[in-house]
Amino acid sequence: MSDTAPDIPRHVAIIMDGNGRWAADRGMPRRDGHRAGAESVREVVEGCKELGIDYLTLYAFSSENWNRPKKEIDALMNLLKRFLKEKTKEMHKQNVRLHAIGRLHLLPDDCRAALDNAIASTANNTGLSLILALSYGSREEIIDAASSIAKAAVAGTLDPDALDSETFAAHLATAPFPDPDLLIRTSGELRLSNFLLWQISYAEIVITPKFWPEFKKADLRAAIEEYSRRHRRFGAV
Ligand code: FPP
């Protein structure tokens, strides 16, 4: 791969962290933190569009998040459903195309229906691709890919000796998208939390101490400025 000094990443992925702590700091229930987080989602989608970013992947609900109290899961699913219902028109106006990755069959039926509807109704849009990672875990995604590769090998449609990273990546849920160039994590935690482990192999990582509800367009711009200052070498000298 060539030595590049890119200005604008083509694909930005974000671990949106800190909704709960943002709410706790204000003596508010966690669901209010998630609600404020949904506002940051709206703002960052708009920011990406303005900056000319092609793909934005948001970690909206991890496979591990199913272990949270039922009340919080319900609040998150309701918020997601409402977001999808209310924002589909706006996504259309902004030429945003919605996608989703993860074990989507585990989502509640009404949430899944709202998601399928938003995906279908934005399918012909040609601007920013917004990819929601829902009930998503990278290890699960990699296991699913390995399983489908093994099945293809058994069926004789794939030669195991010819397996390479391109073929492997084609079996991941992210196959239609380029790998993220920039990974942003809010709330200062230095973890990947089972997010896009294969895909971020060469991504630049920017961590901000701000909680997700505080992350606005100016913070997105600052992260992208930091990205553009970095010298990307892809392991070469
Ligand atoms: C992390 O904060 C955030 C989440 C688990 C969910 C992210 C969801 C949203 C931003 C709102 C809805 C999303 C969409 C796409 C409409 P946390 O709860 O882990 O915070 P904490 O670490 O401070 O407890």
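For ligands, and for the atoms within them, numbers begin at 1 and follow the listed sequence. In what follows, every heavy atom counts, from backbone to side chain, and hydrogens, waters and symmetry copies are set aside.
When atom types are taken as modelled, the side chain of R26 and the backbone of W22 share a donor-acceptor pair closer than 3.5 angstrom.
If you look at W212 next to ligand 1, the close heavy atoms, those under 4.0 Å, all belong to the side chain. Contacts with ligand 1 closer than 4.0 Å are made by side-chain heavy atoms of R68 only, the backbone lying farther away.
Of the N or O atoms in Y59, none lie within a sub-3.5 Å distance of an N or O in ligand 1. Looking at W22 next to ligand 1, no N or O pair under 3.5 Å apart turns up. Checking only distances, L76 never comes within under 3.5 Å of ligand 1, N or O to N or O.
Counting atoms of ligand 1 from 1 in the listed order, those under 4.0 Å from a heavy atom of H34 are 11 (C), 18 (O). Of all the atoms in ligand 1, the ones that sit under 4.0 Å from a non-hydrogen atom of F83 are 16 (C). Atoms of ligand 1 found under 4.0 Å from any heavy atom of A60 (numbered from 1 in listed order, with element): 6 (C), 7 (C), 8 (C). When each atom of ligand 1 is checked for a heavy atom of N65 under 4.0 Å away, the hits are 5 (C).
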Show me, pair by pair, the donor-acceptor contacts under 3.5 angstrom made by side chains of residues 213-223, not counting sequence neighbours?
unit_1: E214; atom_1: OE1; unit_2: F211; atom_2: N; d: 2.8
unit_1: K216; atom_1: NZ; unit_2: S40; atom_2: OG; d: 3.2
unit_1: K216; atom_1: NZ; unit_2: P213; atom_2: O; d: 3.2
unit_1: K217; atom_1: NZ; unit_2: E46; atom_2: OE1; d: 2.7
unit_1: K217; atom_1: NZ; unit_2: E50; atom_2: OE2; d: 3.0
unit_1: D219; atom_1: OD1; unit_2: K210; atom_2: NZ; d: 2.9
unit_1: D219; atom_1: OD2; unit_2: K216; atom_2: N; d: 2.7

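Both Y136 and L183 are assigned to one and the same hydrophobic cluster, defined by single-linkage of ILVMFWY side chains at heavy-atom distances under 4.5 Å.
Checking W66 against S135 by side-chain atom types alone, a donor-acceptor pair falls below 3.5 Å.
Few gaps surround CG on D159; more than 12 heavy atoms of other groups in view lie less than 6.0 Å from it.
Salt bridge K71/D74: absent, no basic N to carboxylate O contact under 4.0 Å.
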